[in-house]
Amino acid sequence: MPLEIASFNINGIRARLPRLLEWLDDTRPDIACLQEIKIADEAFPHAPFEERGYNVAVNGQKGFNGVAILSRLPLEDVSRGLPDGEADVEGLGDEGQSRFISAVISTDRGALRVCNLYAPNGNPAPGPKFDYKLRWLERLRRHATALLGREETALYCGDWNVIPQPEDAKHPDEWLGDALFRPESRAAFHRILHLGYTDALRARTDSPDLYTFWDYKGGAWRRNDGIRIDHFLLTPQCADRLIDCRIEKEQRAKEKPSDHVPIRVILDLAPPGNA
DNA sequence: ATGTCAGCCGGAGGCTGA
């Protein structure tokens, strides 16, 4: 049975709850990684997800940021924040900002480690926010280096706030000075990718015009003026199991949408006894 | 069109972040 893992920057769980529940009911992902939940742990609305059969792990923050994992299968080894010396400031991890949560999902065909991230936006650039973005991506690179060494079926997904290549934007020229497309940001992303990860979408297609974000401003959606900034990066052991990767563009046309749409991978994990 | 949202504080609407 294939395993479906979706990543969705929902831009506020209070504002997006009806849309989110409709999406879960319509598309029934096995695992949903959420970013920008913008709510404290203690205020997270567990009930509607538990009613739908999801286990919930949250790394929340009041007002900003915040990530969560929903899983129909058991969640084990949940970890909040990048586990390095800079975590756990103000008890939130990640220097006081809740941007990372990981868990192991156990299935009858083996385990999958899911790392759900919300990278800093980094604007305006240059400046302290841009410096923080680059520092955070460097910490993520160290994490990704260690994870590769474990040779696990594992993935990173989420809002990376990086446009990897010009073909990942409708109008790349308009993003040249932006923290999402500056050479330093793209290099930081590619340093992680080139450790040995697979960009799941690009493993399936080299088509341009595949976007995950359209700004609310200026009729960006109407003009299809989008960018691709939500990504799945798979370890080699995970990439071997990739069936498909799809951007759920149709979600952007719904009532009161997020400015991001979900991206989903479908994996076929090894059968029992198959190493 | 300083053009859109979400959430904060605080009890309106200005501010921040994106």
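Per chain, numbering begins at 1; letters A, B, ... match sequence-line order.
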Q. What's the CD-C1' distance between A:Gln35 and B:dA18, to the nearest Å?
A. 14 Å

Q) What is the distance from CD of A:Gln97 to C1' of B:dG17, rounded to the nearest Å? A) 11 Å

**Q.** A:Tyr197 vs A:Leu147 side-chain heavy atoms within contact, under 4.5 Å
**A.** yes

**Q.** Closest to the A:Arg14 side chain, choosing from B:dC8, B:dA6, B:dA18
**A.** B:dC8

Q: Mind calculating the distance between NE2 (A:His260) and P (B:dC5) to the nearest angstrom?
A: 15 Å

Q) Parallel under 30°, tilted from 30 to 60°, perpendicular over 60°: which one fits the rings of A:Phe189 and A:Trp160? A) perpendicular

Q. Any chance CD of A:Glu255 has more than 12 other-residue heavy atoms, nucleotides or ligands included, within less than 6.0 Å?
A. no

Q) Which one, B:dA18, B:dC8, B:dA6, comes nearest to the side chain of A:Lys38? A) B:dA6

**Q.** 5'-most by nearest nucleotide on DNA chain B - A:Asn161 or A:Lys217
**A.** A:Lys217

Q. What's the CD1-C1' distance between A:Ile10 and B:dG7, to the nearest Å?
A. 13 Å

Q.
So that I know where these two stand, are A:Phe44 and A:Phe49 an aromatic pair - ring centroids less than 6.0 Å apart?
A. yes

Q | Between B:dG7 and B:dA12 - C1' atom distance, rounded Å | A | 15 Å

Q.
Expressed as a whole number of angstroms, how long is the span from A:Phe64:CZ to B:dT16:P?
A. 10 Å

Q. Of the nucleotides B:dC8, B:dG7, B:dA18, which has the atom closest to the A:Tyr118 side chain?
A. B:dA18

Q) Rounding to a whole Å, what distance do you find between A:Arg19:CZ and B:dA6:C1'? A) 16 Å

Q. What is the distance, rounded to the nearest whole Å, between atom CG of A:Leu180 and atom P of B:dG17?
A. 16 Å

Q. Taking the P atom of each, how far is B:dA1 from B:dG13, in whole Å?
A. 23 Å

Q. Using the benzene-type ring in the case of Trp, are the ring centres of A:His143 and A:Tyr156 under 6.0 Å apart?
A. yes

Q.
What's the closest nucleotide to the side chain of A:Asn121 if the choices are B:dA6, B:dC9, B:dA18?
A. B:dA18

Q: Check the distance between B:dC8's C1' and A:Ile37's CD1 and give it to me in whole angstrom.
A: 16 Å

Q: Using the C1' atom on both, measure B:dC15 against B:dG10 and round to a whole Å.
A: 13 Å

Q.
Side chain of A:Lys62, heavy atoms from C-beta onward: which of B:dC5, B:dC9, B:dG7 has the nearest atom to it?
A. B:dC9

